[in-house]
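To start, the structure itself, in structure tokens.
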Amino acid sequence: MISIVFDKENNKSVAYDDSKKIGECVFVENKENWNIVHTEVKEDYKGQKIALKMVESVMKNAEKNKKTLVSDCSYAKKIIENN
């Protein structure tokens, strides 16, 4: 079963297939915002909207923490702009 875990301490959202790490969405925390800098999913898991779920996890937690979300990652930038 695939799960998405938000890891605030390490500034990322991580996807797991049971205990196997299959992807991550990494952000840099600045004073005023969070900047998503990298989103990646292992090749065998692409096409399952895992990257989307990880970006949405960061988006949800940015809102909870009252942070503006920006992105240098082109994939995450598209998702943010469409929401």
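These figures come from a predicted structure and were not determined experimentally.
Partner of Ser71 under the side-chain contact (heavy atoms from CB on, under 4.5 Å) criterion, chosen from Ile36, Val37, Thr39: Ile36.
Between Glu56 and Lys53 there is no salt bridge, since no side-chain N of the basic residue sits under 4.0 Å from a carboxylate O of the acidic one. Ionic pairing of Lys66 and Glu63 is not present here: no N-O contact between side-chain nitrogen and carboxylate oxygen is shorter than 4.0 angstrom.
To the nearest 0.5 angstrom, Phe6 atom CZ is 9.0 Å from Lys64 atom NZ. One finds the SG atom of Cys25 at 11.0 Å from the CG atom of Asn11 (value rounded to the nearest 0.5 Å). For the atom pair CD of Glu32 and OG1 of Thr68, the computed distance is 7.5 Å after rounding to the nearest 0.5 Å. Note that the CE atom of Met54 and the CD atom of Glu40 stand 8.5 Å from one another [nearest 0.5 Å].
At a threshold of 4.5 Å between side-chain heavy atoms, the hydrophobic network of Ile, Leu, Val, Met, Phe, Trp and Tyr places Val26 and Val14 in two separate groups. Hydrophobic clustering (ILVMFWY, side-chain heavy atoms < 4.5 Å, transitive): Ile50 and Val55 are in distinct clusters. Linking Ile, Leu, Val, Met, Phe, Trp and Tyr whenever their side-chain heavy atoms come within less than 4.5 Å puts Ile4 and Val41 in one cluster.
Counting only distance, with no hydrogens or angles, the side chain of Asp17 and the backbone of Lys20 share no donor-acceptor pair below 3.5 Å. Between the side chain of Asn33 and the backbone N or O of Glu29, no donor-acceptor pair lies under 3.5 Å.
Atom NZ of Lys60 has 12 or fewer neighbouring heavy atoms from other residues, nucleotides or ligands inside a 6.0 Å radius. Few gaps surround NZ on Lys67; more than 12 heavy atoms of other groups in view lie less than 6.0 Å from it.
Looking only at side-chain heavy atoms (C-beta outward), Ile79 and Leu52 come within less than 4.5 Å of each other. Looking at Val5 and Tyr16, their side chains come closer than 4.5 Å, going by heavy atoms from C-beta outward.
Residues Cys73 and His38 approach most closely at CB-N, 4.0 Å, considering heavy atoms. Summarising the geometry of Trp34 relative to Lys8, their closest heavy-atom pair is CZ2-CE, 3.7 Å, with the distance given to 0.1 Å. Nearest approach of Glu24 to Lys12, heavy atoms of both residues: OE1-NZ, 3.3 Å.
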**Message:** Under the criterion side chain to side chain contact (heavy atoms under 4.5 Å, CB included), I'd like the reasoning laid out for Val58 against Asn61: C-alpha separation, chi angles, the key distance, then a yes or no.
**Reply:** CA-CA 5 Å; Val58 174; Asn61 283 282; 6.0 Å; no

**Asked** Hey, mind stepping through Asn35 and Phe27 against side chain to side chain contact (heavy atoms under 4.5 Å, CB included) and telling me if it holds?
**Response** CA-CA 5 Å; Asn35 181 4; Phe27 65 94; 5.9 Å; no

